[in-house]
Amino acid sequence: MLKGIAVSPGVAVARAYCVDSVLARREPQYLNAAAVSEEVARFDNACQAAGREMDAIIARVSQQLGDEQAAIFRAHRVLLRDPALVGKVKSAILQRKVDARTALHEVLDEYAGLFEKIKDEYLKERMADIRDVVTRIIAHLVLDETPQIMAGDEPVILVAPEILPSQAVLLEKFKVAGIITEAGGSTGHAAILARSLGIPSVSGLRGILKQVVTGDLLAVDGRIGLVHIKPDKETETAYRKLQHEYGTLRNRLVENRDHEAISQDGTKLELLANVSGPTDAEMAVRTGATGVGLYRTEYLFLTHPTVPNEEEQYAAYKAVIAAAPNHTVTIRTLDLGGDKLVPYFGHEREANPFMGWRSIRITSSYPEFFQTQLRAILRAGVHGKIELLFPMISTLEEVLALRRMVRDTTSQLKRDSIPHVENVPLGIMLEVPAAALCIGSLLREVDFVSIGSNDLIQYVMAADRDNPKVAHLCDPFSPPILRLLNHVIRACDRHKKPVTLCGEMAGRPNCFLPLFGMGLRRFSMSPAFVPTIKELARC
């Protein structure tokens, strides 16, 4: 039995399916003479596929972000044709009869050794470019090798170093009973998606891939973070019973879908859903949410092979609005940076990425790129009722600049005679303590507030919520957190501005009563949690 971080509640018993990370080491695969030429051809095909992928990225990044941002991909494209790099890989395959992945790892090690001796920091950082190119080639090789275990009828428990956004979308297509990861915390990509899909999940199990192989039976308890590897018959039976009981309870709670969220004293609540795409929005309808309180648009960018253009964004936002409860959606503009990285913003290292160049600070640096998203959102708004939410706001000046940008974008759409929605309510994501302390001045310039408790808590406590050594400090019941939340909720009430809490606190039953007592009436959470909070509110 192993103890990890409880990420998504629920119980699952199923066979393991181990997902190696793209750069994960494995035993060298030796080939017979007949297979060598076929492996060289496989390597060439992977390089060509990576090249086509890069060409598409270069074209899209140049168009939306400019030639300077596309330069890094042009450098990667040149590396793909580098005779030294390609020649070393092919020589290893031909002479030592190893598979292409092994050859690429060996070449990567050789280059890493050479670059380690270089004193110039700029040149040393070019090793990241080589690693990116090798990773891209290996990714195409892995696609060619991966067995279709997940495509069967039997549910599986994914075991992985971590689940990346690009991998996470696959969870919607296969029968995944549970997720176990070595890295990641309760607010990472995998955690958010697992909760939205109601999949039991446990993270923080270092070395799990050395203890589990595909096909091992696992029992996962996402309520308390326990994992049993190859449980005995008694344990298996007990967990299968728990799995059945948990499923029955969840189905019973979903039956309250059409009931109003109203407390015993007659106080009405609004229970909304946090979503990352149409599938989440559809689940929000099934679980009884009354709208989407937070649509995370960055997942479209994180899972897109290049950069989504205006038409692709418009189609994606329209699909979410169409699928959402009552077609009501609060759309958050791009929240990239920190742990949500895309390659076209470069590899510049930051000592404190969560407190650095991220979120609204990135998009404000690329006004044309940001305006493309605003145009797509305003166009999609004609298909329902939308609100526009800006993340990571720190100052009043940021809010004023964003309001001007929305006005300019609206005027541009009007000049072009493109259908769009006007007078969209504008809100701020309250995550930065500075904004919370100056909430009064900000409320004069915005129509609503959404509290992002995940970041707010870690910023107030100066503790990384995903660092197991200090994560205990990120306690939502800490007096400074409760005082700050109370301050914000009361300020919004005085100014008669709606306030919603859309961090993970919103879906935690033990947090509901304190928040309700402070006067909070709008909660936005993973769709799977809506029935539980509604039942609690009605008790």
Legend entry - Interatomic distance, I362 atom CD1 to E298 atom CD [nearest 0.5 angstrom]: 11.0 Å
Legend entry - CG-OH distance between L85 and Y111, expressed to the nearest 0.5 angstrom: 5.0 Å
Legend entry - Aromatic ring pairing Y314/H383, orientation class (parallel under 30°, perpendicular over 60°, tilted between): tilted
Legend entry - Any H76 side-chain heavy atom under 4.5 Å of I58 side chain: no
Legend entry - Any side-chain donor near an acceptor of the partner, T135 and D132, under 3.5 Å: no
Legend entry - Between CG on residue L209 and CD on residue E182, distance to nearest 0.5 Å: 4.5 Å
Inset, instruction - Find the distance between CD1 (I199) and OG (S8) and round it off to the nearest 0.5 Å. - result: 7.5 Å
Inset, instruction - Could you walk me through whether R508 and F529 pass side chain to side chain contact (heavy atoms under 4.5 Å, CB included), step by step? - result: CA-CA 8 Å; R508 290 178 58 173; F529 293 166; over 6 Å; no
Inset, instruction - May I have all residue pairs that pass salt bridge (charged side-chain N to carboxylate O under 4.0 Å, His left out) and include part of residues 6-15, sequence neighbours excluded? - result: none
Inset, instruction - Establish, from distance only, whether the side-chain atoms of T363 and Q373 form a donor-acceptor pair under 3.5 Å. - result: no
Inset, instruction - Enumerate the residue pairs fulfilling ring pair (Phe, Tyr, Trp, His ring centres under 6.0 Å) with a member in residues 200-238, sequence neighbours excluded, ordered by first and then second residue. - result: H228-Y239
Inset, instruction - Answer yes or no: is there an ion pair linking E236 with R240, defined by an N-O contact shorter than 4.0 Å? - result: yes
Legend entry - Pairs touching residues 308-321 that satisfy salt bridge (charged side-chain N to carboxylate O under 4.0 Å, His left out), sequence neighbours left out: R60-E312, E310-R375, E310-R379, E311-R379
Inset, instruction - Report the residues that fulfil side-chain contact (heavy atoms from CB on, under 4.5 Å) with K230, sequence neighbours left out, ordered by chain and then residue number. - result: D216
Legend entry - Residue pair R332 / S359, side-chain donor-acceptor N/O under 3.5 Å: no
Inset, instruction - Please name all residues satisfying side-chain contact (heavy atoms from CB on, under 4.5 Å) with Y246, sequence neighbours left out, ordered by chain then number. - result: P9, R223
Inset, instruction - Measure the CG-OH distance between L389 and Y295 for me, rounded to the nearest 0.5 Å. - result: 13.5 Å
Legend entry - Selection residues 86-95 - residue pairs positive for salt bridge (charged side-chain N to carboxylate O under 4.0 Å, His left out), sequence neighbours left out: D44-K90, K88-E110
